[in-house]
Amino acid sequence: SLKGQYFMPSKSGLSKAFAAAFAVLTVSVICGTVTMVVLYKVQMSGVNATARPTVPVTTEPPPPVLRLPRSLIPDRYELVLQPRLYTRIVREENATSPNQTLVFTGNSTVHFRCVQKTRSIFMHGRDLQVSGPVLTDRDSRKKIWSRVKDLDGESGFLELELDQDLEVGGNYSLVLDFRGQISQNLDALFLSEYQEEPEPEPGEDSGTDRFLAATNLQPTDARRLFPCFDEPDMKAEFSVTIIHRLKTTALSNTQMTVSNIEDDEWKYTRFETTPRMSTYLLAFTVSEFTPIISYTTDNRIFARPEAKAAGHTSYASHITGKILEFYERRFEIDYELNKLDQIALPDLYPAAMENWGLVTYQEGVLLYEEGVSSLLHKENVAGIIAHELAHQWFGNLVTMEWWNNIWLNEGFATYMSHFAVDAVEPTFRMKDTFIMNNLHAAFQEDALASSHPLSPPQEDIQTSDEIIGLFDSITYSKVRVNTAHGNSSNTSSQSGDSYQKNDLWNSIEMVIKYGLSVEQLMTPWITQEGFPVITIDTTNGEIYQKRFLYNNTAESRYKNTSLPAQSTLLLKKEEFISKDGEWILANVNSTGYYRVNYNLENWQLLLKQLETNRHLIPLMNRGQLIDDAFNLARAKLIDVTLALNSTLFLREEREFLPWESAVTNLHYFVLMFDRSEVYGPMQVSGPANYRCMMLIHNQVNAIWMACSNGLPECVEMAKLKFTEWMQPNGTNNIHPNLRSVIYCQAVAAGGKAEWEFAWDQFLSSSDTSEKVQLREALSCTRKIWLLNRYLEYTLDPDKIRLMDVASTIDSIASNPAGQALAWNFIRAHWDYIQQGWVYTSFLIEGVTSRFSTQFELDELERFAAEYELGSAIRAAQRAVEQTRVNIQWVKDNKDAVLQWFQAQSAAGDKD
Ligand SMILES: *[C@@H]1O[C@H](CO)[C@@H](O)[C@H](O)[C@H]1NC(C)=O
Ligand SMILES: *[C@@H]1O[C@H](CO)[C@@H](O)[C@H](O)[C@H]1NC(C)=O
Ligand SMILES: *[C@@H]1O[C@H](CO)[C@@H](O)[C@H](O)[C@H]1NC(C)=O
Ligand SMILES: *[C@@H]1O[C@H](CO)[C@@H](O)[C@H](O)[C@H]1NC(C)=O
Ligand SMILES: *[C@@H]1O[C@H](CO)[C@@H](O)[C@H](O)[C@H]1NC(C)=O
Ligand SMILES: *[C@@H]1O[C@H](CO)[C@@H](O)[C@H](O)[C@H]1NC(C)=O
Ligand SMILES: *[C@@H]1O[C@H](CO)[C@@H](O)[C@H](O)[C@H]1NC(C)=O
Ligand SMILES: *[C@@H]1O[C@H](CO)[C@@H](O)[C@H](O)[C@H]1NC(C)=O
Ligand SMILES: [Zn+2]
């Protein structure tokens with residue numbers, strides 16, 4: 001799946017579109033996908049082999065507490081499901097209109113084997129009425145008496161009691177009838193609603209409201225659809241039959257085999273048996289959508305008729321086949337199924353879900369409209385499709401045994417998606433921006449003591465909340481394979497006049513470990529949290545490392561001779577360059593998962609080099625040095641002014657990457673200071689001011705940058721363009737790539753009229769990317785009462801769809817004027833906010849990102865202690881720690897930062 005935030009560009013960050021235009025990166029950060037596939041398999045099998053619970057074979061197992069016993073192993077399900085909803089409410093003459101009905105009914109037959117004698121059957125089943133168990137011994141064809149003993153109790157298990165034992169080696173089948181409710185909360189089998197202009201059929205007013213039903217079962221909602229063994233390693237085949245109303249289309253994971261009209265109301269659609277797969281990957285939809293044939297006829301895209309007619313699906317269909325082909329070549333494994341459907345749903349949370357053969361997307365992440373959607377949006381569409389399609393191998397074909405290894409799914413899918421997009425859309429330069437977009441996000445969370453290891457112990461991840469809490473930035477981003485292992489004796493690769501071997505190499509060589517295997521390299525950082533900072537002292541040649549933490553108080557130092565065995569460090573000569581013994585630079589091209597610190601003298605020489613001739617420092621490292629400096633300063637390992645000094649070379653810098661690094665890092669300063677007196681000098685003399693020069697390169701991007709930093713010329717322009725659009729017969733003449741920033745500035749500078757105009761446009765637009773841009777712009781107003789009104793709107797699903805509530809509150813919180821309002825709001829409405837979607841972690845992270853006072857800390861701690869946080873517990877713990885760090889940081893650095901910016905603006909005035 002994919003978390004929602006992937007999609008919303010951060011207001012303060014820079015767009016990747018900008019990167020595409022500016023970056024001329026020649027660096028291939030990572031290579032070796034074959035190794036990745038092998039590694040993935042190794043990890044999977046290793047995990048399976050060690051984690052399987054061993055139970056003595058002869059005794060009856062105790063009732064399960066959190067995990068199912070492994071006494072029964074499912075082989076195949078035959079599943080019949082009948083969602084009784086209407087996709088439209090037909091108003092025939094005189095007929096009382098039928099009311100919408102959200103019931104679904106069905107029956108399932110599960111065929112299973114017994115591998116351990118037992119007199120009870122434990123399965124999962126939640127929020128279902130289950131009846132009529134018929135248990136058959138398939139070998140003797142005899143019925144066995146059984147009764148539903150417990151359903152939906154404390155344990156969440158469906159328990160059946162029997163009057164005889166099931167014997168080891170026996171084959172059984174169990175038929176159950178069930179009944180449940182289609183959810184209105186985007187989970188399990190859920191309802192989605194949209195508007196369609198009625199076809200002008202004479203005599204029939206069919207209205208414009210349309211409904212569809214779709215599933216979203218990851219991680220633990222299959223049990224709310226039908227009774228099943230709902231754990232990822234309990235894979236089985238599924239033969240699905242959907243009974244649905246006439247004039248609707250049913251889709252599921254596999255090709256349809258038969259579709260028969262049953263009576264004047266219902267139709268049966270039967271699907272081919274799936275390959276063995278996990279329950280969470282099962283999917284079906286019932287809708288009025290009809291297909292658009294894609295690149296190849298087995299790839300179909302489904303969407304609202306209007307979006308389809310307007311061609312908004314054509315970009316997705318254009319790239320899907322190519323991405324699939326790329327993966328087939330790269331993995332040397334064909335796509336397993338004979339069809340792939342992708343469907344754009346009006347409602348879904350998270351952004352997309354990789355169900356095998358039937359990938360579901362929020363409309364906003366699958367649809368692309370030429371001339372309306374921005375380039376950034378196009379990149380997101382490609383990236384998300386590539387992510388979901390990568391899951392067809394990583395996750396669907398090969399699946400983690402238990403949720404503690406969800407990173408294997410998500411990390412690898414994210415990682416692979418960059419290669420796929422790079423192959424299909426080379427101009428996006430996805431691989432190059434990988435570091436900035438993903439790694440640094442993980443670096444940040446990983447620098448907190450409350451970070452979790454990529455692969456926490458199974459016993460820590462048991463309940464649904466614990467499972468859901470794992471879907472965070474670390475899980476999604478901390479995948480990076482350093483392929484530098486083995487044959488690394490080739491030291492003469494440093495060529496060019498200025499790069500020479502330095503005496504320092506000799507001492508460095510002492511700590512270099514050659515020939516670490518991939519497993520040795522990988523194991524430490526999947527089982528441990530955190531990553532190291534390596535400190536190099538050029539005055540005496542010493543190198544040491546320790547875990548990097550923002551709170552740096554209680555960590556021991558390791559001298560060069562005693563690198564700890566669990567070290568994630570792999571240094572080799574290629575990771576260093578130096579200039580004539582003047583300075584040394586480590587982690588060349590940023591290939592390692594670590595930070596580097598130096599003695600002050602070396603830092604200053606590096607910064608001098610950047611200012612005099614930055615080209616001697618590889619581009620990746622120009623970004624990395626800034627990032628390391630800022631983060632080391634946050635950890636109090638270097639002075640904050642040194643970090644600020646590391647941005648001074650940007651005056652000359654033409655490449656995107658170092659800029660992005662600076663802006664991302666200065667974002668922390670913005671968060672800490674945008675409510676204080678430091679912000680004035682910061683705006684005057686910050687790197688935003690260096691940017692004018694960029695105008696000569698690319699007007700659109702320069703305007704984007706200037707505008708997102710609120711330069712007065714831009715604000716004027718934004719107001720003008722927006723006013724033109726607001727005229728009675730006005731049209732929107734704003735360049736697609738600039739819409740989000742211009743809308744935002746115009747709403748920020750405007751008042752009630754601008755806001756209400758944007759709101760009306762939001763409501764009336766049927767174009768999803770336009771809606772996303774407007775929805776975000778509405779949060780830019782500085783008027784408290786409008787922000788409050790907007791927050792209230794998030795409680796009304798007719799105004800803000802449930803799937804958009806979190807990101808809307810998050811963008812309000814990212815506005816300095818809205819942050820306190822949003823914080824109060826989520827506490828006041830926590831029950832509502834929590835019900836609609838599962839990944840509240842991201843919301844907590846966003847709303848607390850400015851917290852830097854004792855008062856805020858007290859409030860946050862009270863919140864963490866008193867509220868039912870569910871899956872957001874970890875996020876709240878992290879926020880508490882981050883707030884403590886922030887308080888200390890502001891206390892330590894405020895004066896120095898203020899002085900630095902004042903000095904810069906004084907110097908700027910002299911120029
Ligand atoms: C770093 O990247 C540059 C540009 O791709 C390449 O020329 C250089 O060889 C790389 N250096 C190392 C040590 O990998
Ligand atoms: C609908 O009802 C009206 C009066 O109630 C009646 O005159 C008309 O024939 C009815 N139409 C149909 C199709 O039953
Ligand atoms: C629909 O619901 C309303 C009120 O809940 C009820 O009066 C009406 O009879 C229902 N109509 C049908 C066709 O069931
Ligand atoms: C399941 O339900 C369908 C439709 O009602 C019915 O045709 C079928 O016989 C049922 N299967 C079992 C095993 O009860
Ligand atoms: C169960 O089925 C398997 C495979 O069809 C078969 O080999 C086995 O003998 C069956 N068990 C019994 C007890 O008949
Ligand atoms: C940062 O640069 C200024 C001059 O621009 C210098 O005075 C100061 O010492 C530098 N700070 C550090 C920590 O190197
Ligand atoms: C808007 O356009 C309509 C027809 O296109 C025209 O009749 C009307 O006068 C225009 N209104 C304004 C304010 O220009
Ligand atoms: C840093 O960690 C120490 C030891 O765990 C703790 O006592 C201290 O409060 C922490 N400081 C901050 C700012 O979080
Ligand atoms: Zn995913």
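Order of listing sets the numbers, starting from 1, for every ligand and every atom in it.
Look at Trp266 and you'll find every heavy atom at least 4.0 Å from all atoms of ligand 4. The closest approach between a heavy atom of Ile243 and any atom of ligand 4 is below 4.0 Å.
For the salt bridge (charged side-chain N to carboxylate O under 4.0 Å, His left out) test, no residue two or more places apart in sequence or in another chain qualifies with Asp139. Contacts of Arg622 classified as salt bridge (charged side-chain N to carboxylate O under 4.0 Å, His left out), with partners at least two apart in sequence or in another chain: Glu653. Checked against ring-ring contact (aromatic ring centres under 6.0 Å, His included), Phe284 has no partners two or more places apart in sequence or in another chain.
Using a 4.0 Å cut-off to heavy atoms of Val175, the atoms of ligand 4 that qualify are 13 (C). Residue-ligand proximity, Tyr268 to ligand 4, at heavy-atom distances under 4.0 Å covers atoms 4 (C), 7 (O). Counting the atoms of ligand 6 from 1 in the order shown, those under 4.0 Å from a heavy atom of Thr641 are 11 (N), 13 (C). Against a heavy-atom cut-off of under 4.0 Å, Leu642 is close to the following atoms of ligand 6: 13 (C), 14 (O).
For CZ of Arg84, the number of neighbouring non-hydrogen atoms (other residues, nucleotides, ligands) closer than 6.0 Å is greater than 12.
Around ligand 5 you find Asp139, Gly169, Asn171, each with a heavy-atom distance below 4.0 Å.
A salt bridge between Arg147 and Glu161 is present, with a side-chain N of the basic residue lying under 4.0 Å from a carboxylate O of the acidic one.
Between Trp900 and Phe669, the ring center distance fails the sub-6.0 Å criterion.
When all heavy atoms are compared, the tightest approach of Tyr679 to Phe673 is CB-O, 3.5 Å.
Between the side chains of Thr118 and Ser71, no donor N or O sits under 3.5 Å from an acceptor N or O. Remark: the Asp627 side chain and the Asn665 side chain contain an N/O donor-acceptor pair separated by less than 3.5 Å.
Checking only distances, Gln604 does come within under 3.5 Å of ligand 6, N or O to N or O. For a threshold of 3.5 Å applied to N or O pairs, the pair formed by Asn645 and ligand 6 contains at least one separation below that value.
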Exercise for the section: Starting from the C-alpha separation in whole Å, work towards a yes-or-no answer on side chain to side chain contact (heavy atoms under 4.5 Å, CB included) for Val80 and Thr109. Expected result: CA-CA 9 Å; Val80 177; Thr109 309; over 6 Å; no
